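From a predicted model like this one, the values you see are computed outputs, not experimental measurements.
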Amino acid sequence: MIIEQIYTGCLAQGAYYIQSGNEAAIIDPLREVAPYIEKAAGNNATIKYVFETHFHADFVSGHVDLSKQTGALIIYGPNANPTFEAHIAKDGELFKLGKLTIKVLHTPGHTMESTSYLLIDEHGKEIALFSGDTLFIGDVGRPDLAQKAAHMTQEELAGILFDSLRQKVMPLNDDLIVYPAHGAGSACGKNMSKETTDTLGHQKLTNYALRADMTREEFIIEVTEGLTPPPAYFPLNVKMNREGYDSFTAVLEKGTHALTPDAFELMANETGALLLDTRDAQLFAKAFIPNSINIGIDGSFAPWVGALIPDIQQPILLIADEGREEEVVTRLSRVGYDHAIGFLKGGIDAWIKSGRETDEIISITAEQLADRREKSGNLNILDVRKESEYFSEHLLNAINVPLDYINEHMPKIDKDRIYYVHCAGGYRSMIFNSILRARGFENLIDIKGGFKALKESGKLQLSDYVCPSKMTNP
């Protein structure tokens, strides 16, 4: 028997490979399916099933491509209504995988089709629960994402989730291993642990939502409290997961089309494509194509693309580190951005060698900021971290303008004033600066290393530290 969690950090997402004998099953696969097929082939196994825990909102699953390429049966739980061929399982239905049995546990609440899968060994012992977005480590799935489709309020869905947990999950054995679909960093919950597996018994002791003495009313209040608006691309990903999508192979081929500087500029002008520069923030700052946006590939790339590029049909032209173009297109496709139409061959160096114009963003150190503050007195400092991060600790007199809500805050920023911009480590601030730069804000100065560097410098006054958990609405 093989149980392998295949965890993707930038999405905080766990897919699962299960094998018994020469039969394998995949749970919640990512868009690019070759690694699963290669793994099964290397283990002399055939992929028999693709189990989906629900219609995912935060990423596009590889279920359709995987089924087409392997003949594996796609399985959803009750209430699912995909437009492609799939088996809609009944609650309690059993599926044989070699000597193992996988039992369907319908656990609605996060969505109405949400389903967990219980793994039972050849001796009839229940050994693992693949809980999807129903139960996380330290949290449960947010109940507000499926309100429109379910024609229910988030409070009604929360109540259904309470029933699912109490009736289907909590009665299971304490030694059962819980394998969730997400960990810390995912927008599908609010307080997930950094751990990606745990025993159900330990979760009963430590997960706030599984308290034995918790009433239904208390659960509804606590689970719905402090929910922030979900990223705009979530409903679009649900649609793709329910209705299908273009082959990943075709998406990759289109996105990795190499373009000379002449062809790149011509295509940008003809299509109105977004210019997405995925290089390191500080490399971007030194020289970039005017009006391009920086979202670095070495960070939470896909979620930030989803949060900040509202239209998944938007044509995208890429500027990337040489040799990483395929990786960029792959990670875009994971969140449904299938319309990358090419990349700049030779990268920014080729653009510069062609004699074309570049732009830059001034970036200074924490020490330089301290010197400027000492000489000039008060400076306009923008802290683009999340509200909870700012609440916990911040530079005195800094203004909180979270990157997540950049469009809401933009009217408050004066184009004629100089602003010093920081985040936690420098990744988000450059995204913020690049977006505003493309919209005509030319007086933004980036702070290298972000709040971490500012704090370590010891030269600037900070607010007293407050535990983020004390914030009423994190």
Practice problem: Determine, using ring centers only, whether H87 and F95 are less than 6.0 Å apart. | Solution: yes
Practice problem: List for me each residue that meets side chain to side chain donor-acceptor pair (under 3.5 Å) alongside D121, sequence neighbours excluded, and say none if there are none. | Solution: none
Self-check item: Side-chain (N400) to main-chain (D383) donor-acceptor, under 3.5 angstrom
Solution: yes
Quiz prompt | Listed partners of D144 passing salt bridge (charged side-chain N to carboxylate O under 4.0 Å, His left out), at least two apart | solution = R142
Quiz prompt | Sidechain-backbone polar pair: N79 side chain, M112 backbone, donor-acceptor under 3.5 Å | solution = yes
Exercise. Taking side chain to side chain donor-acceptor pair (under 3.5 Å) as the test, write out the residues that go with K90, two or more places apart.
Key: none
Quiz item: Tell me, which pairs form a ring-ring contact (aromatic ring centres under 6.0 Å, His included) where one or both residues lie in residues 215-240, sequence neighbours left out?
Solution: F162-F219
Exercise. Sequence neighbours left out, what passes side chain to side chain donor-acceptor pair (under 3.5 Å) with K99? Give chain and number order.
Key: none
Self-check item: Donor-acceptor pair, side chain of H106 and main chain of G92, under 3.5 angstrom
Solution: no
Exercise. Verify whether one side chain among T330 and S333 offers a donor that lies under 3.5 Å from an acceptor in the other.
Key: no
Self-check item: For F51, the option from Y117, Y76, Y16 that meets ring pair (Phe, Tyr, Trp, His ring centres under 6.0 Å)
Solution: Y117
Self-check item: Carboxylate-amine/guanidinium proximity below 4.0 Å for D91 and K168
Solution: yes
Exercise. Answer yes if the side chains of N241 and S61 hold a donor-acceptor pair under 3.5 Å, and no otherwise.
Key: no
Quiz prompt | Backbone N/O of R331 and side chain of Y337: donor-acceptor pair under 3.5 Å | solution = no
Practice problem: List in chain and number order the residues that pass side chain to side chain contact (heavy atoms under 4.5 Å, CB included) with V238, two or more places apart in sequence or in another chain; answer none if no residue qualifies. | Solution: F55, A57, R242
